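Heads up, the thing below is written out as structure tokens.
The chain is numbered in sequence order, starting from 1. All values derive from a computational prediction rather than experimental measurement. Below, all heavy atoms of this structure are taken into account, side chains as well, without hydrogens, waters or symmetry copies. Counting starts at 1 for both ligands and their atoms, in listed order.
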Amino acid sequence: MAHISASVYTSHVPAIGAAMDLGKTHEPYWQPLFKGYEFSKAWMKDNRPDVIFLVFNDHATAFSLEMIPTFAIGTAAEYAVADEGWGPRPVPKVIGHPDLASHIAQSVIQDDFDLTIVNKMDVDHGLTVPLSLMCGQPQAWPCPVIPFAVNVVQYPVPSGNRCYQLGRAIARAIRSYDADLNVQIWGTGGMSHQLQGPRAGLINAPWDNGFLDQLIADPAALALRPHIEYVREAGSEGIELVMWLIARGAMSDAAAGGPKPTVRHRFYHVPASNTAVGHLILENR
Ligand code: DHB
Ligand code: FE
């Protein structure tokens, strides 16, 4: 059967992708940020999964105010890299895993979570920047990716607890897939940031680090924090962090009464563009 070996959590700041694409990673401003991902790139090479289930948010690229799915699973064979206004990023197209994605959709929908099925979707920085941070600049991404888009852009957004419970259902789905696949689940977006209005530029490092602590130690309690706390404490775009609870809910301790995960890597850096960057790698035991 398929199994989840690890979860990865990372911010997706678009300027990070631009720094990589334009060869600026060694500039003094960017050096400390990319140093925090050196371990991660080596870890990815040593722990290459068969499939990445990548939880991200679309930024009005594939979706718009015309259609706003709360949760959307990509069941396509491949996904083009989106043009976000400057041309598509010069990164490989994303290869999907239609069979596993369809199985997860079947299982999770029958498990009472309503998903939108997406057979065509361009993927924006929310998905490609985490891949670049973890995989560098390869000719092709190391494995198929199942994109899972969450609406954190237009209110109402899903609660932390719904995301956490959904992660548990995704783990049940993956565990019931009849092929010996090593699956990683990634939660992306965040940490504290606000891109507009009088509080633009807001960073709350103590709150971010408390979030990381509790995500590791007590995700069920973290899941009960209301969405308004994310907005007050972590800024309007800090709400992206609820996506991390989907990945955390899929880990063995949360989903199957297993042991606590091992913290393989933890990193926090301010600033990247207007944003705090957080990153964790948790391994199932
Ligand atoms: C920016 C955009 C994002 O989507 C994000 O999550 C962080 C930063 C930006 O434009 O700087
Ligand atoms: Fe974002």
Practice prompt. Name all residues meeting the ring pair (Phe, Tyr, Trp, His ring centres under 6.0 Å) criterion together with Tyr230; count only those two or more places apart in sequence or in a different chain, and write none if there are none.
Written response: Trp207
Discussion item. Using heavy atoms and a 4.0 Å limit, tell me yes or no: is Glu237 in contact with ligand 1?
Written reply: no
Practice prompt. Just say parallel, tilted or perpendicular for the rings of Trp30 and Phe34, cut-offs at 30° and 60°.
Written response: tilted
Fill in: Atom indices of ligand 1 within 4.0 angstrom of His193 heavy atoms, with elements
5 (C), 6 (O), 7 (C), 8 (C)
Worksheet entry | Any donor-acceptor N/O pair, Asn151 side chain to Gln154 backbone, under 3.5 Å | yes
Worksheet item: Would you call Asp213-Arg266 a salt bridge at under 4.0 Å N-O?
Response: yes
Item to complete: Considering the heavy atoms of His59, write down every atom of ligand 1 situated less than 4.0 Å from one of them.
Response: 4 (O)
Worksheet item: Taking non-hydrogen atoms only, is His125 closer than 4.0 angstrom to ligand 1 via side chain, backbone, both or neither?
Response: side chain
Fill in: Parallel, tilted or perpendicular: ring planes of Phe148 versus Phe53, cut at 30 and 60 degrees
tilted
Worksheet item: Side chain, backbone, both or neither: which part of Pro14 comes within less than 4.0 Å of ligand 1 when only heavy atoms are counted?
Response: side chain
Response to the item:
For atom 6 (O) of ligand 1, the closest protein heavy atom turns out to be His12 NE2, 2.7 Å
Practice prompt. Assess the pair His103 and His97: is the distance between their ring centroids shorter than 6.0 Å?
Written response: no
Worksheet item: ligand 1 and Thr275, any nitrogen or oxygen pair closer than 3.5 angstrom?
Response: no
Response to the item:
Counting from 1 in the order shown, the ligand 1 atoms closer than 4.0 Å to a non-hydrogen atom of Ser273 are 11 (O)
Discussion item. One pair to check against salt bridge (charged side-chain N to carboxylate O under 4.0 Å, His left out): Arg248 and Asp253. What are the steps and the verdict?
Written reply: CA-CA 9 Å; Arg248 186 64 183 88; Asp253 59 333; 2.8 Å; yes
Practice prompt. Please work out which of the three classes, parallel, tilted or perpendicular, describes the rings of His279 and His265, given edges at 30° and 60°.
Written response: perpendicular
Discussion item. In terms of relative ring orientation, are Tyr9 and Trp244 parallel, tilted or perpendicular, with 30° and 60° separating the classes?
Written reply: tilted
Worksheet item: Within a strict 4.5 Å, meaning less than it, do heavy atoms of the Trp186 and Phe56 side chains meet?
Response: no
Worksheet item: How many protein N, O or S atoms sit closer than 2.8 Å to the Fe ion (ligand 2)?
Response: 3
